[in-house]
Amino acid sequence: MSDQRKSLSEFDALVLGSYKDGTLTDTATNEIPESIRTSIQEQLRFSGLKGKLGEIRMFYGLGGNDENIPKKIAVVSLGINKDFEQSRVPEALEITRKAVAVGIRSLRELDVKHVGVDVMFHEHGAAEGATLGLYRFDSLKSIKSHKAPPKISPIGSTSTNTDGNLCWNTGLIYAEAQNHARKLAETPANYMTPTNFANTVKSFLEDLSKVEVFIHDKEWATKHNMGSFLSVSRGSDEPLKFLEICYNGGEKGQRPLAFVGKGVTFDSGGISIKPSAKMAEMKGDMGGAAAVASAIYGIAKLRLPINVVVSVPLCENMPSGHATKPGDVVKAMNGKSIEVDNTDAEGRLILADALYYTSSTHKPHSLIDVATLTGAMVVALGEIYSGVFTNSNKLWEQLLEAGKNANDPFWRMPLDDKYNEDIKKSIVADLVNVGQKGLGGSCVAAIFLKEFVCGLTDDSDVSEKENSSERLFDVDADDDKKIRYAHIDIAGSMITYRDSGYNVKGMTGRPTRSLIEFARLIAKNPDFV
Ligand code: BES
Ligand code: MG
Ligand code: ZN
């Protein structure tokens with residue numbers, strides 16, 4: 001007991017959790033001297049605590065002159081009774097994330113330096129809640145609106161495991177990764193150019209072992225016949241980049257997991273220009289790129305024993321005398337010609353080449369692209385869920401589980417060849433980049449992308465051959481030569497207007513934690529793939 005009290009003296013503040021009835025969590029009970037605990041619990045009862053999740057009470061100088069007792073203690077209600085079953089992992093994680101974030105945000109305003117964080121129901125969640133809750137984007141403000149973030153350390157932590165299970169350290173890594181993504185996406189487009197994006201990612205990956213970063217340029221894209229990607233970048237004065245990252249944590253030759261991210265660092269719409277309202281949000285049109293680059297950072301930092309590749313096409317979509325015009329026809333890397341009916345449907349054009357390049361070069365077992373792709377997705381799901389389009393039930397179930405654990409959830413949408421109809425009706429080209437009826441925009445975009453995944457099926461015309469009803473989206477493309485493919489549309493979840501707990505208003509950096517969690521599940525259960 002005396003040892004534990006000594007460690008409390010390192011902190012000038014604590015975040016503790018309490019049950020509905022005002023008793024402290026078991027983890028706090030083990031760490032806090034009994035006299036202090038008794039007075040906290042007594043006062044909590046007098047304070048009119050309703051016991052709702054996130055309700056907070058502050059205590060100051062409870063230990064008098066005792067240097068071993070931190071002067072500021074935030075107690076946050078967990079909103080549940082003592083009999084809560086902590087083995088319900090997603091709930092245990094989420095309650096802890098929320099409570100810790102509320103506590104740490106209040107303490108920060110009191111200028112604290114080092115906070116001891118009660119790990120409550122799950123130390124991974126506690127580390128996430130603290131690290132995500134402390135994130136602020138104020139590097140461009142001359143007068144900072146928030147105090148410097150305090151250092152955080154766990155109290156009541158039991159495990160230091162490295163066996164692929166979740167612990168305090170994994171929580172720090174997941175949250176740091178998401179904070180990288182938030183920052184990449186929030187940074188204004190005049191700073192976050194394709195060049196700066198590539199360099200920033202390269203520098204945060206620098207100290208990690210088994211990671212290789214390649215920053216390709218226009219010449220490289222030209223050599224690879226990426227006419228579709230090139231056509232989007234033409235209107236801009238900023239040079240395009242194609243970022244390719246390999247993490248070799250698995251055995252040599254083992255098929256990788258691949259992520260592709262949409263990296264449009266600003267989307268004006270091009271010649272099909274957008275209205276000015278909310279156009280500023282299009283600095284975040286590289287949210288998919290930010291999430292996948294940050295996910296590989298987390299995966300490498302966790303040293304997961306798998307191979308992962310990330311491909312990110314980066315450019316601006318701008319109008320100019322060099323820009324692609326509506327009606328132009330471009331040729332993608334896989335040879336398909338595309339009529340660009342609307343230059344604002346640029347995401348699918350850059351992803352077309354990135355998907356084909358990644359699937360044909362790396363032959364991944366699973367290929368997942370993440371993209372702020374369609375306004376229709378915002379209408380359909382708002383900011384709560386990211387939409388997942390996949391023809392693999394198994395891949396869907398794994399993403400669903402990862403999303404639940406991370407509380408960064410997914411909702412399944414149809415990847416159905418029937419949406420092909422109106423993108424195959426061009427008089428001049430194989431495909432047209434927008435649906436001609438204007439309906440089901442997110443589903444049309446998804447089926448367009450599928451045209452560019454090499455090895456998903458036996459490459460012949462899918463819609464012709466597989467019209468039979470059992471070949472719809474309950475079919476798994478799971479045998480060993482095939483690629484499991486999922487497209488994740490994050491147009492709604494890229495940004496949040498909510499600002500409480502670990503939700504910080506602005507670019508969300510989602511679904512970074514879900515992607516890392518998905519990779520961890522795959523690494524833990526090799527027969528998942
Ligand atoms: N980047 C946008 C999609 C978007 C909209 C993301 C709102 C986040 C919030 C994308 O490039 C786009 O402009 N899509 C068009 C496609 C349309 C022209 C078929 C859209 O959804 O309006
Ligand atoms: Mg657009
Ligand atoms: Zn876009």
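Quantities reported herein were computed from a predicted structural model and do not represent experimental measurements. The first residue in the sequence is number 1, and the count goes up from there.
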Any donor-acceptor N or O pair under 3.5 Å, side chains Ser493, Ser386: yes

Polar side-chain atom of Asn334 near backbone of Tyr356 as donor-acceptor pair, under 3.5 Å: no

Contacts of type ring pair (Phe, Tyr, Trp, His ring centres under 6.0 Å), residue Phe242, not counting sequence neighbours: Trp220, Tyr357

Asp138/Lys141 ion pair, N-O < 4.0 Å: no

Expected output: side-chain Arg105 to main-chain Gly501 donor-acceptor under 3.5 Å: yes

Donor-acceptor pair, side chain of Thr170 and main chain of Cys167, under 3.5 angstrom: yes

Ring geometry between His216 and Phe214 (parallel below 30°, tilted from 30 to 60°, perpendicular above 60°): parallel

Test item: Lys262 and Thr372 side chains (from C-beta on) under 4.5 Å apart, heavy atoms: yes

Ser366-Arg484 side chain donor-acceptor pair, cut-off 3.5 Å: yes

Residue Glu421 excluded, over 12 heavy atoms near CD under 6.0 Å: no

Residues Glu176 and Tyr135: side-chain donor-acceptor under 3.5 angstrom: no

Backbone of Val432 reached by a side-chain donor or acceptor of Asp341 within 3.5 Å: no

Any donor-acceptor N/O pair, Thr343 side chain to Gly269 backbone, under 3.5 Å: yes

Donor-acceptor pair between Tyr502 and Glu128 side chains, under 3.5 angstrom: no

Charged N-O contact under 4.0 Å between Glu383 and Arg510: no

Side-chain ion pair, Arg97 and Glu94, N-O less than 4.0 Å: yes

Spacing of OG1 belonging to Thr193 relative to CG belonging to Leu314, to within rounding of 0.5 Å: 9.0 Å

Presence of salt bridge, Asp217 and Lys241, under 4.0 angstrom: no

Under 3.5 Å: donor-acceptor pair, side chain of Arg136, backbone of His146: no

Any donor-acceptor N or O pair under 3.5 Å, side chains His224, Glu219: no

Distance-only side-chain donor-acceptor flag, Thr324 / Asp328, under 3.5 Å: no

Pair Arg234, His322: side-chain N/O donor-acceptor within cut-off below 3.5 Å: no

Residues Lys183 and Glu186 bridged, charged N to O under 4.0 Å: no

Salt bridge flag under 4.0 Å for residues Lys424 and Asp430: no

Donor-acceptor side-chain pairing of Asn307 and Gln254 below 3.5 angstrom: no

Electrostatic pair Asp344:Lys274 at N-O distance under 4.0 angstrom: yes

Short side-chain donor-acceptor distance under 3.5 Å, Asn317 and Ser268: no

Asp12/Lys113 salt bridge by N-O under 4.0 Å criterion: no

Side chains of Ser426 and Glu339, donor plus acceptor under 3.5 Å: yes

Check: Lys336 side chain, Glu451 main-chain N or O, donor-acceptor pair, under 3.5 Å: yes

